Every structure is written in C-alpha cells, then in structure tokens.
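What you see below is based on every heavy atom in this structure, not just the backbone, and it leaves out hydrogens, waters and symmetry mates. What you see is a predicted model; the values in this text were computed from it and never measured.
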Amino acid sequence: MALKTLNFPIHWRSKPSLPNADRPILRIPPRRSARPASPVVAVAANGNNGFRGIDGGGAASAGKGVPKNVDLVTLGNLCVDIVLGVPSLPPASKEDRRAYMERLAASRPHKNFWEAGGNCNLAIAAARLGLLCFTLGHVGDEIYGNFLLDVLHDENISFVGMSKNVDSTANIAAYETLLCWVLVDPFQKHGFCSRADFSEEPAFSWMTELTEEVKMAIQEAKILFCNGYAFDELLPDLIVSALDYAIGAGTTVFFDPGPRGRTLAHGTPDEQKALELFLKQSDVLLLTSDEVESLTGIKNPIQAGEALIRRGERTKWVIIKMGSKGSILINRSTVSCAPAFKVNVVDSVGCGDSFTAAIAFGFLHGMPTINTLALANAVGAATATGCGAGRNVARLCKVLELLKQSNLNEDDKFWSKLIEGNGLTSEVLLLSKVSINGRNDRLVRIPISNVVFELLPKFDAACESSVTRS
C-alpha cells in the first residue's frame, strides 16, 4: 500500500534543505562503496536540460520521436518511513494527534528505524523484477534526503527532481524530505501519521509546473504511475498536467486512488475534477474492493470494475485487490480471477505496491491476464512474509518459491457467488489447482501449473544471478 507522509519541524538540522542548484536533477547518487554504478541506470540531465538516452532499444513515443527506454516512472509520494513500535496508536482528536507526533519528532530516531517509503516501495519491487524505474518527486538536501537517494541508487533506481519555483524566503520545512511515521502497536496494528493530516494545502504547494527534466522523463517512460497520495504533496493542476503530458507522449498511465479516492471525491472542485480525469483517462486502474465500491456505489467488485471500464475513455484494465481472497482483472472482453497464495503474513505494509509492480511487468510484457494476476499475487504475498516495506519488499527468489509451491487459497464458494448472477457476457477465467483445463458455461478454470510453467523461465536466470551477486 502507498503510505501517508509526515514531516514535523525537526530541530537538529545543521542546514536548510532548499533544493541545491548544483545538484543534478536526474541522477544516481554517488555510491559509498567501491561498487561501480549500474550502466543501465547511469543517466543524467545534459547541459540543455534534456536527457541522454539510455542505451538500448525501445518504441518511439507517439509523435515525439523519443525512445521509450524507461519502463516505469512514479509521480511524487517519496518519503522516509520512521517505523516505531508504540504502546498505542495515535488518538483520534486532531489536536491530540498533532501533540503526539510532535513528541515523536522531538528527538531524531536511530537510523535503524528508517526505511524508504511511499512510491519507493513500488519502484524497488519493480526494479527487482527487472524493470528500469525512475522516481519523480522532491527530497530535501539533508540527512533524510541523502538516505532516500542512497537507497534508490542501491536498488538501481533513478531520481528526477521536481524542484522549481523555489522561494528562498519560505519556511525551510516546506522543502525538507517528507517523513512518514509508521506506528505499530502491540497487536501489530498500524497507524500512518502525516503532515498532510494538519495542512489544508499540499506539502509542496510551491511546485506549480513540470520541469523540462520531468517532462522528458515522462516522454521516455512506458508507464507513468500515480496514486492518491500524490495529492498530499502536489497541487491537483500539477498532477493533471503530468497526466496530460503522459497521454500526449504516448505513455501508459496507471492510477491507484487508494484511501485518498474517497476524500478526493468529496474534496475541492479541483480535486474532484482531477480524480474524475484520472478515472476516465488512465489506461490501468487499481483499487481495493472497498475503494471501488466507494467510487461507484456498486458492491459487487466485478460489476463495479465493469462500470469503470464503461465510463473510461482510455481504460484498458481495471484491477480489484481482494486482500486474502486474491485479485480480479477486468478488461473489455474477459474477467480474470486469481486466488491469493497462502503464506504466514508478517506485515502487510507494501503488499499493494509490490502487487502493482508485477501488474506493470505483466502489462509491459504482454502476458496473459491470468498470468499477470498470478505473478502479482505472488509478489504481494512474498512481501507479506517480511517485515515492513522499502528494502524489505519481495525479492525475486521468494516470489519464485511461492509460484513453485502453488499453494492457492482457493474458495470456490466465494468465487462462484461473486461470478454468478452478474449477467456477465464476458468470459471468466479462474486460476485453479486443477490439473486440466475445466469449463463451466462462461467459467474457464486455468491450472496454476500451466501458468507457473510459463512464468518461471522469465525469471529463473535472473534469480540465480541475484543469488550469485549477493
């Protein structure tokens, strides 16, 4: 899941974190070890505020002639998680919550409790699947920002700064790296606390237009990912301008409104307009069953997803995340359903982001929809077996282990009830343990063994390589 962010005034800083004019806008931060930077992601802005293209092929963007060398770029929602065990989660009262957070921020937590958060989760999971990823956003020129950039660098992910229109007279807190306090109580329940909880404006409301570097990154990308948490940081008009630019550049748009979808639907006129544009013009929508019901008023997730497909002007896929039950992918001709994998869940933070990374992989590689869901469920489940997100998201070898075990959490009654009585004209594919294809009217059972047989060759060599390097 994407995380909310928090940044209370921090008093131990030795210098302000205004964006540094000498800092490269698109860069891999210098390593602090002797290991050479990966040649695949060593990309920098040139002197003309353009990009030096990444080595390799790629289809040209629509009407632009710019090679699509980057698999995935994420928009905003970059933060450092501070993961702390607490005796109880924050109180409900807004003022009490503010006081609670200020007490936490009064002293800097040890670096052992820091982790890359927000869209870093998605980017790291995607990079571990072999996708070339950029993150677009803002981090401060201070200890937390340097930590975040180091993590991204170590995961072979490039950073493109969005800093523009800097006001040197503004409160320096407006330019600091965002912090997210991830609070875990003794019952393993989570609370996410954010500066956005106490602000009427986005955290980086000083950003009003896309930089040329950001535009070029979107042009070079095959997928632009945006989620609802971007609205905590960026103005709606700025986010919509990224959507418009992506469409003009022939870049596929993924949108996950997340829990913010409900508040955006009842937010300011600009927020409501932006949400409506993303729901209609995105190529791929990702939502939980609760979120899709909230936005459509339709309880059945398949019917709700089909409603979004019909409303959409460009919508190709609607993916519904069903938690421990699995996931559903709806397009204009089929409905694909995949039960989840059975695992011992340690921590659910980052599972949704990891899931999305695999959806992007399947989309880009033209994989069958049922194969894409199986991979996404495995990546999400692999993340759930670890503690926390960031660098703790799924590693490829764990994903392959789950696929080989093929221990599906099958629940025929659940899926039959969901599918029956929908008046569906689309073919329904259901991932199953059955050893042979089975068909019942519109329901086609796809054996997990067949899917795994097709998936493993794509990753086995990469897994062996990663084990050798480690």
Side-chain angles (χ1 to χ4, degrees), residues 1-3 81 83-85 112-131 151 154-155 157 180 182-192 256 258 286 288 319 321-327 338-362 371-411 431 433 448-449 451-452 455-456 458-460 462-467 469-470:
M1 76 185 75
L3 298 180
D81 288 350
V83 185
L84 299 175
N112 289 348
F113 300 106
W114 304 3
E115 191 48 79
N119 274 339
C120 298
N121 302 331
L122 168 60
I124 292 172
R128 290 179 180 178
L129 290 173
L131 299 184
V151 170
D154 289 342
E155 295 288 342
I157 298 164
C180 169
V182 183
L183 308 174
V184 186
D185 73 8
F187 302 99
Q188 296 301 303
K189 293 182 179 179
H190 294 83
F192 305 103
D256 184 343
L286 302 107
T288 67
I319 290 102
K321 295 171 281 187
M322 304 290 293
S324 62
K325 293 296 185 182
S327 57
F341 291 89
K342 290 182 180 179
V343 295
N344 293 322
V345 177
V346 175
D347 193 346
S348 62
V349 173
C351 293
D353 300 317
S354 303
F355 175 93
T356 300
I359 294 292
F361 184 96
N371 293 26
T372 298
L373 284 184
L375 177 63
N377 286 353
V379 175
T383 293
T385 63
C387 185
R391 292 165 294 178
N392 301 309
V393 300
R395 293 194 177 274
L396 183 55
C397 290
K398 180 63 177 178
V399 174
L400 299 187
E401 177 187 329
L402 292 179
L403 286 171
K404 291 173 183 177
Q405 291 172 350
S406 300
N407 190 11
L408 293 181
N409 182 29
E410 288 192 295
D411 186 342
L431 191 67
K433 291 180 183 178
I448 180 66
S449 57
V451 171
V452 172
L455 285 175
L456 291 183
K458 297 180 180 293
F459 299 107
D460 269 333
C463 181
E464 292 172 7
S465 175
S466 66
V467 170
R469 286 196 303 270
S470 61

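When every heavy atom of Ala340 is checked against every heavy atom of Gly323, the shortest pair comes out as CB-O, 4.2 Å. The minimum heavy-atom distance linking Ala374 with Leu431 is given by the pair CB-CD2, 3.9 Å. Of all the heavy atoms in Gly380 and Cys351, the pair that sits closest is O-SG, 3.5 Å. Minimum heavy-atom separation, Gly350 to Ala389: CA-CB, 3.9 Å. Scanning both residues, Ser354 and Ala125, for their nearest heavy atoms gives CA-CB, 3.8 Å. When every heavy atom of Ala338 is checked against every heavy atom of Leu373, the shortest pair comes out as CB-CB, 3.7 Å.
Under the rule for a salt bridge (charged side-chain N to carboxylate O under 4.0 Å, His left out), the partners of Asp411 that lie at least two apart in sequence or sit in another chain are Lys325. Applying the side-chain contact (heavy atoms from CB on, under 4.5 Å) rule to Ala360 yields the partners Leu131, Ile223, Phe254; only residues at least two apart in sequence or on another chain are considered. Under the rule for a side-chain hydrogen bond (donor to acceptor under 3.5 Å, both in side chains), Thr356 has no partner lying at least two apart in sequence or in another chain. Every side-chain contact (heavy atoms from CB on, under 4.5 Å) that Ala381 has, sequence neighbours left out, goes to Phe341, Val343, Leu402. Qualifying side-chain hydrogen bond (donor to acceptor under 3.5 Å, both in side chains) partners for Ser327, counting only residues two or more places apart in sequence or in other chains: Asn377. Residues passing the side-chain contact (heavy atoms from CB on, under 4.5 Å) test with Ser324: none are found, sequence neighbours excluded. When the salt bridge (charged side-chain N to carboxylate O under 4.0 Å, His left out) test is applied to Lys342, no partner is found at least two apart in sequence or on another chain. Evaluation of the side-chain hydrogen bond (donor to acceptor under 3.5 Å, both in side chains) rule for Asn371 yields Glu454 as partners, not counting sequence neighbours. Among residues two or more places apart in sequence or in another chain, the ring pair (Phe, Tyr, Trp, His ring centres under 6.0 Å) test is passed with Phe355 by none.
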Problem - Full working for side-chain contact (heavy atoms from CB on, under 4.5 Å) between Ile319 and Asp256 - result: CA-CA 10 Å; Ile319 290 102; Asp256 184 343; over 6 Å; no
Practice task
Just do the side-chain contact (heavy atoms from CB on, under 4.5 Å) check on Asn407 and Lys433 with the steps written out, would you?
Solution key: CA-CA 8 Å; Asn407 190 11; Lys433 291 180 183 178; 3.9 Å; yes
Exercise for the section: Show your reasoning for whether side-chain contact (heavy atoms from CB on, under 4.5 Å) applies to Thr385 and Asn344. Expected result: CA-CA 6 Å; Thr385 63; Asn344 293 322; 6.0 Å; no
Exercise for the section: Might you work through the salt bridge (charged side-chain N to carboxylate O under 4.0 Å, His left out) test for Lys404 and Glu401, ending with a clear yes or no? Expected result: CA-CA 5 Å; Lys404 291 173 183 177; Glu401 177 187 329; over 6 Å; no
Exercise for the section: Please test Val451 against Leu375 for side-chain contact (heavy atoms from CB on, under 4.5 Å), starting from the C-alpha separation and ending with a verdict. Expected result: CA-CA 9 Å; Val451 171; Leu375 177 63; over 6 Å; no
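The only option from Thr383, Asp81, Asp353 that meets the side chain to side chain donor-acceptor pair (under 3.5 Å) definition with Asn121 turns out to be Asp353.
To the nearest 0.5 angstrom, Leu455 atom CG is 9.0 Å from Leu400 atom CG.
Annotation: side-chain hydrogen bond (donor to acceptor under 3.5 Å, both in side chains) contacts involving residues 386-397, sequence neighbours excluded, comprise Glu115-Arg391.
Taking the side chain as every heavy atom from C-beta outward, Lys321 and Ile359 never approach each other to under 4.5 Å.
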